[in-house]
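Positions are given from 1, in the same order as the sequence printed here.
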Amino acid sequence: MKISDLFEGRVATWSNLLSILRVLMTPAITVALYYESITGNAEYCKIAILLYCIIALSDFVDGYLARLLHQVSRLGQFLDPIADKCVILIIAITLYYFRQFPLWMIALIIIRDTFHVILGFYLFHEHDIQVRPSMAGKCMVAMMGLCGFIFILNPSYTFAGYTLQQISLAIVLVFIILSSISHWRMYAKFYFTDKR
């Protein structure tokens, strides 16, 4: 399977456009939090929250539109998770600079995503298999979204001595481990047993 095969069939669909727009909108959150940091104006944080909610909503809507309008395509199935990874990384780096998001979590996200992209590309190129997100992977993305939202809000609440930020990071870590195990089992089936 070649990359060019992704562009067979419909390419210009509403869902694919939303995936691209989601990535292009994300740096606006960085800009909003930057201006909040230099002006101290909380209105910029509200703008960042609004943008974040729009981006999160678009992640749900693009898949729904693809099914509703019968526009499901190989490109869309490839583009959506790549867009998710780009959005998560941009927001994580932004929160590192403006909300003390831990560097170790960014490193973990990069390592995990690099691993999955390389092995996923291999399966696609060599075996014509397009990796679909597991339930654990979908939960991980949802928890990352919630974690990012909590960091942008930056609440000062604690529970049993832990901040909401720390609790959300722990939950994300659990789902990163679970989704990685799920993907590794799927990869191992093809690499070590050569079953399809």
Side-chain angles (χ1 to χ4, degrees), residues 2-39 41-99 101 105-106 109-110 112-114 116-118 120-121 124 130-135 137-154 168 172 175-176 179:
K2 300 177 182 177
I3 293 295
S4 59
D5 294 333
L6 287 172
F7 298 93
E8 291 180 353
R10 297 195 64 178
V11 173
T13 65
W14 285 109
S15 56
N16 290 347
L17 177 62
L18 280 176
S19 293
I20 294 170
L21 287 177
R22 186 160 74 248
V23 177
L24 295 178
M25 284 179 62
T26 305
I29 295 176
T30 308
V31 174
L33 292 181
Y34 168 75
Y35 277 106
E36 183 207 25
S37 70
I38 64 174
T39 65
N41 188 342
E43 292 300 314
Y44 288 110
C45 182
K46 293 178 182 178
I47 293 171
I49 291 170
L50 176 62
L51 290 169
Y52 192 86
C53 291
I54 292 171
I55 290 168
L57 182 62
S58 75
D59 189 22
F60 168 77
V61 170
D62 64 357
Y64 176 76
L65 276 180
R67 293 185 293 272
L68 180 67
L69 302 176
H70 306 290
Q71 295 180 345
V72 176
S73 64
R74 298 198 75 170
L75 178 62
Q77 292 171 338
F78 180 82
L79 194 59
D80 183 59
I82 293 297
D84 287 343
K85 288 173 173 49
C86 291
V87 168
I88 288 170
L89 185 57
I90 293 169
I91 289 176
I93 293 172
T94 297
L95 295 177
Y96 167 75
Y97 281 104
F98 301 112
R99 291 292 192 270
F101 191 79
M105 180 59 84
I106 296 176
I109 291 169
I110 291 173
R112 177 193 178 278
D113 286 352
T114 301
H116 289 308
V117 167
I118 290 172
F121 179 78
F124 175 75
Q130 200 158 352
V131 179
R132 303 292 171 81
S134 64
M135 182 56 66
K138 291 179 179 179
C139 289
M140 184 207 67
V141 171
M143 289 302 104
M144 281 186 170
L146 178 60
C147 181
F149 186 73
I150 289 171
F151 267 84
I152 292 175
L153 281 177
N154 204 23
S168 67
V172 168
F175 278 104
I176 285 177
S179 65

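- Side-chain contact between V87 and D59 is absent, with no heavy-atom pair separated by less than 4.5 Å.
- Residues Y96 and F101 approach most closely at CD1-O, 3.2 Å, considering heavy atoms.
- Across every non-hydrogen atom of F98 and T30, the tightest pair is CE1-O, 4.0 Å.
- Taken from CD1 in I55 to CG in L21, the straight-line distance is 10.0 Å, to the nearest 0.5 Å.
- Distance check, rounded to the nearest 0.5 Å: CG of L50 to SG of C45 gives 11.5 Å.
- If you take CD1 on I106 and CG on L95, they are separated by 8.0 Å, rounding to the nearest 0.5 Å.
- The heavy-atom pair separating V172 from M105 by the smallest distance is CG1-CE, 3.9 Å.
- Annotation: side chain of S37 is not in contact with side chain of Y44 (no heavy-atom distance under 4.5 Å).
- The side chain to side chain contact (heavy atoms under 4.5 Å, CB included) test with I90 singles out one residue from T94, I88, I93, and that residue is T94.
- In plain terms, the two heavy atoms of F175 and M143 that are nearest each other are CD1-CG, 3.6 Å.
- Note that the CZ atom of R22 and the CG atom of D84 stand 5.0 Å from one another [nearest 0.5 Å].
- At a threshold of 4.5 Å between non-hydrogen side-chain atoms, the residues Y52 and I91 count as touching.
- A 4.5 Å side-chain heavy-atom check between I176 and M144 finds at least one atom pair inside the cut-off.
- For the residue pair I109 and A92, the shortest heavy atom distance occurs at CD1-CB, 4.4 Å.
- In this structure, CZ in R112 is found 3.5 Å from OG in S179, a value given to the nearest 0.5 Å.
- Partner C53 forms a side chain to side chain contact (heavy atoms under 4.5 Å, CB included) with one of L51, I49, L57 and no other, that one being I49.
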Given the rule in the side-chain contact (heavy atoms from CB on, under 4.5 Å) test, do S168 and F149 qualify, once you have shown the distances and angles that lead to the verdict?
CA-CA 10 Å; S168 67; F149 186 73; over 6 Å; no
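- The minimum heavy-atom distance linking T114 with I110 is given by the pair OG1-O, 2.7 Å.
- Note that CG of L146 and SG of C139 are 12.0 Å apart. Values are rounded to the nearest 0.5 Å.
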